[in-house]
Amino acid sequence: MADSGTRTVTSPSMSQPTTQPAMQEKYNHIAIEKAAQQHWETTAAFKAVEDATRPKYYCLSMFPYPSGKLHMGHVRNYTIGDVLTRFHKMRGYNVMQPMGWDAFGLPAENAAIANKVPPAKWTYDNIEYMKGQLKSLGFAIDWSRELATCKPDYYKWNQWLFLRMLEKGIAYKKTQVVNWDPVDQTVLANEQVIDGRGWRTGAVVEKREIPGYYLGITQYAEELLGDLDTLDNWPERVKLMQANWIGKSTGVRFAFPHEIKDEAGALINDGKLWVFTTRADTIMGVTFCAVAAEHPLATHAAKNKPELATFIEKCKHGSVMEADMATMEKEGMPTGLFVTHPLTGESVEVWVGNYVLMTYGDGAVMAVPSHDERDFAFAKKYKLPIKQVIKQGEATFSTDAWQEWYGTKEGICVNSGKYDGMDYTAAIDAISADLKAKNLGDKKLQWRLRDWGISRQRYWGCPIPIIHCDCCGSVPVPDEQLPVVLPEDCVPDGAGNPLNRRPDFLNVPCPKCGKPARRETDTMDTFVDSSWYYARFATPGNDKAMVDERADYWMPVDQYIGGIEHAILHLLYSRFWSKVMRDMGLVSYREPFSRLLTQGMVLNHLFSRRSDKTGIEWFAPEEVHLSKDEAGRVTGATAVRDGNPVDYGGFGTMSKSKRNGVDPNAMIEQYGADTARFFMMFTAPPEQTLEWSDAGIEGSNRFLKRVWTFGYTYATQIKPQLPAASTLASAKLPENLATLRREIHLLLKQANYDLGKQQFNTVASATMKMLNALEKAPRNSAQAAEVVSEGFAILLRVLSPITPHITHALWAELGYGADILQATWPEPLEAALVQDEIELVLQVLGKTRGSVKVPATADKAAIEALAIASETAQKFMDGKPAKKVIVVPGRLVNIVV
RNA sequence: GCCGGGAUGGCGGAAUCGGUAGACGCAGCGGAUUCAAAAUCCGCCGCCGAAAGGUGUGAGGGUUCGAGUCCCUCUCCCGGCACCA
């Protein structure tokens, strides 16, 4: 830390400001905020310049998607970042806080469909408006580093790195499964599929397999998992979620041999049905196998079984989302094909199951109904045999209903021949060894993590730099032709990618053979854009390189702040991208974000109405009337527009698409940016989910008014009494002033502690407590004036990161200094904290009965004696002798009788 | 369904290592000021009880001199689940 606890609290300058206009008596947030923002602008106060002589502090908040207006989640996120930025600046760090725009994405296309405006125009208009909103909040942002991911000078480097990944085999092409809308003839995002139907057309969505580009994030699985241990300043829960997502597990991959042949007479898959299991210890309990609808065995069997073909078709209409797969009704159908159990030689029937995914493992699973809950349910439904092979203690096994212990790994094998009596580990070792001996399988490391499909069949994204040539195939765009620029004047209409109707974009000579060829029209997943923007902020303006030596100075990000909803995908992709850049020699860090603060979501009521034709329609909270029960809970709602009921969906994240965001503008206009910022910080700790309510905003505003009024009182009544030179260090204070001073320094100590914990709500309340104390302070002596003056100087500085405008004005106005940003952060003084006598809580038999005052120097025996002798103790001890006395130093005494 | 998190007065929340539950604020109530109101200031404010006291941190159990905090079981709510960002 640049600032140790040895620093003394600075006293205000004693000199009177020269010819200043008289201080305003009333708090005028409009004038104050305008003046402060102007001051920062003219002094370029937040311009960040590399400086090797000072410790750097790169503070980054997740950049916003320019959806139109800021909402309260943004205000919360960016205020947290700003508080940390300003706090560190005052502690002597060389700080950088940039801002930019995650500017590609689906909402711009949705807006285009609705309003017939090109996504580019809509996006740039939104950026303009939201930038104004951010400025009005007074954030300490270095705007000279601003970037937007939809600009070619940014996304050029997405394309450039993608081509490097292709060269290294990290990027590759394979088929992917997508949601297909048969009416609009377009690919739908999961968000655009509602109850299995397209959001615009209402048509039943189909699964389709199309080619796409993937990034081999699984090649980095081991490192992404291992390096989580180096992230000491990340929340444990985020690391845990990432580790679970990566999902390293050891299991056994093995094959059921078979003789099934296709029409040409060749063995399908070389006569082996491969499966993966983490429960090889239950292999002797296999009673059937299940394969995915797309599995070659399923395809083969369906040729002679129309009802199976129908079932497979139905499976292909199902959702591709994991949550849907897990919760849907499990269904299956027998193929009539049989494979051989590799250890018992028994015949095992193959079923098609709608819950088996072709994209995971080998697209097939062994089924052990006795020890897997899903298989159990499936076997019960289709009356398949259930064979117990694990026993736990004396518990009896019954096939009537699933019992929790059936699934446990703690137990021993039974009905398993030579494996009987073995525990989980021993059984797996023995079974995998036997399978290996038969050349039918082995232990295998399995990852849950899948490679990252980045192709999107959408217009408003970064073009994938590939050219398709009839002769040469898929040809990478040569570096000197980068960037492949996306035309900005297209207006998507919902029916496919409009790039396919743009000959000027499509038609291009093949870079290899020069013959007419066609550009790839798929664009990149927007997670690509956000996977490295933090590094680009450190390299503004360089059109020759993706990053330069300035990134070496600023990276890694010292403090990253963003919503907990990004705990897995965005953060994992960013970590992956960093490691790829490192392996290409572009950067030297292993991990991009040293410290992470995951902000809780800001929630608001959700209202919707559903219809078969138009899909789902969302209502903003101001567009409905609420009905509530006696406890104040919302029971229902009607639309203001037509008086008809709308569905109440409880609380959910504020989002543009669900129309439940709250625009901070009204709040800022009425109360000012400082009030909005203070309220956001005061109302809840940063990591906590927040159900939005503006009840209480007036209290925050009232507090700032009181701060201002106290400043006025200070200027007119207290400051004139200050002695020429400070006496605080030498003179003994009367008890009431010593108490006041101790209280302020104690509050400062707590505030500094809480800032370290990033718990800003209690920092805010500490400043309120300081003001309460200062307002009650005596004002009738030079010494009192000194104590108050010191206390107010502490209050203003502690408050300044939260409410920078009002504290900027008061600091200068009251003559504490020219610019509070240049002031040093206050530290509590030990001398102010000492006290002669302390009060301990007095308990008898663990129940609090009162308190007892003891000298601060009293030892344990003295405290015991004083406590037992006290009137309160005597009353509740009821004449019995003390059996045991527990003394917690500085806290309490508990007498056990 | 799986993974992660949460639940404390009428409301937002506080309680740093297991040590006075409800700090600070909102709302409410009473008072001062005012012709009146707004604004401001002062006081009260978990629940039961006249008081003494009892009781109380989503529900139920446990450990401990002492549990909001630790352990077990459960309920509800929020986030993520790979094409929302």
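Note on naming: letters A, B, ... go to the chains in the order of the sequence lines (proteins, then strands), and numbering restarts at 1 for each one. Computed from a prediction, not measured in an experiment: that's the story for all the values here.
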Exercise for the section: Using only heavy-atom distances, decide whether a donor-acceptor pair under 3.5 angstrom links the side-chain of E687(A) to the base of G5(B). Expected result: no
Problem - E743(A) bridged to K776(A) by N-O distance under 4.0 Å - result: no
Expected rows: protein N/O vs nucleotides 54-59 of chain B N/O, under 3.5 Å:
unit_1	atom_1	unit_2	atom_2	d
G54(B)	OP2	R849(A)	NH1	3.4
U55(B)	OP2	K847(A)	NZ	3.0

Problem - Rounded distance (nearest 0.5 Å) linking atom CD1 of I886(A) with atom CG of L892(A) - result: 8.5 Å
Handout entry: Separation of T683(A) OG1 from E691(A) CD (nearest 0.5 Å)
Key = 11.5 Å
Practice task
Would you mind classifying the nucleic acid contact of R456(A) as base, sugar-phosphate or nothing, using non-hydrogen atoms under 4.0 angstrom?
Solution key: base
Practice task
Would you classify K239(A) as touching base, sugar-phosphate or nothing, given that sugar-phosphate means primed atoms plus P, OP1 and OP2, and contacts are heavy atoms under 4.0 Å?
Solution key: nothing
Exercise for the section: Could you check whether F651(A) gets within reach of a base, just the sugar-phosphate, or nothing at all, counting any heavy atom under 4.0 Å? Expected result: sugar-phosphate
Could you go over nucleotides 37-48 of chain B and give all protein N or O partners under 3.5 Å, atom names and distances?
none

Handout entry: Rounded P spacing from G46(B) to A7(B) in Å
Key = 22 Å
Exercise for the section: Have a look at F682(A) and say if it touches a base, only the backbone sugar-phosphate, or nothing, with a 4.0 Å heavy-atom cut-off. Expected result: base
Handout entry: Sugar-phosphate, base or nothing in reach of M328(A), heavy atoms under 4.0 Å
Key = nothing
Handout entry: Nearest non-hydrogen partners of P119(A) and Y459(A), listed with the distance
Key = CG-CE2, 3.7 Å
Exercise for the section: Taking D754(A) for its side chain and F760(A) for its backbone only, find out whether a donor-acceptor pair lies under 3.5 Å. Expected result: no
Practice task
Return no unless some side-chain N or O of Q843(A) is found under 4.0 Å from OP1 or OP2 of G19(B).
Solution key: no
Practice task
Identify whether any heavy atom of A323(A) sits under 4.0 Å from a base atom; if not, whether one sits that close to sugar-phosphate; answer base, sugar-phosphate or nothing.
Solution key: base
Exercise for the section: Starting at atom CD of E236(A), determine the distance to atom P of G5(B), rounded to an integer number of angstrom. Expected result: 10 Å
Practice task
Under 4.0 Å between any heavy atoms, over every strand shown, what does D754(A) touch: base, sugar-phosphate, or nothing? Just pick one.
Solution key: nothing
Practice task
Take atom P in C29(B) and the same atom in A37(B), then report the distance between them in whole Å.
Solution key: 14 Å
Practice task
Working to the nearest 0.5 Å, report the span between CG of D184(A) and CD of Q192(A).
Solution key: 9.5 Å
Practice task
Kindly say if Q759(A) contacts the phosphate of A15(B), meaning a side-chain N or O under 4.0 Å from OP1 or OP2.
Solution key: yes
Exercise for the section: State whether N894(A) places a side-chain N or O below 4.0 Å from either non-bridging phosphate oxygen (OP1 or OP2) of U64(B). Expected result: no
Exercise for the section: Confirm from the modelled atom types if E322(A) and G1(B) form a donor-acceptor pair under 3.5 Å, side chain to base only. Expected result: yes
Practice task
Would you sort out whether T186(A) and D181(A) count as a side-chain hydrogen bond (donor to acceptor under 3.5 Å, both in side chains), showing the intermediate values?
Solution key: CA-CA 5 Å; T186(A) 191; D181(A) 186 319; over 6 Å; no
Handout entry: Chi class for C17(B): syn within 90° of 0, otherwise anti
Key = syn
Practice task
Give L842(A) one of three labels, base, sugar-phosphate or nothing, depending on what nucleic acid heavy atoms sit under 4.0 Å from its own.
Solution key: nothing
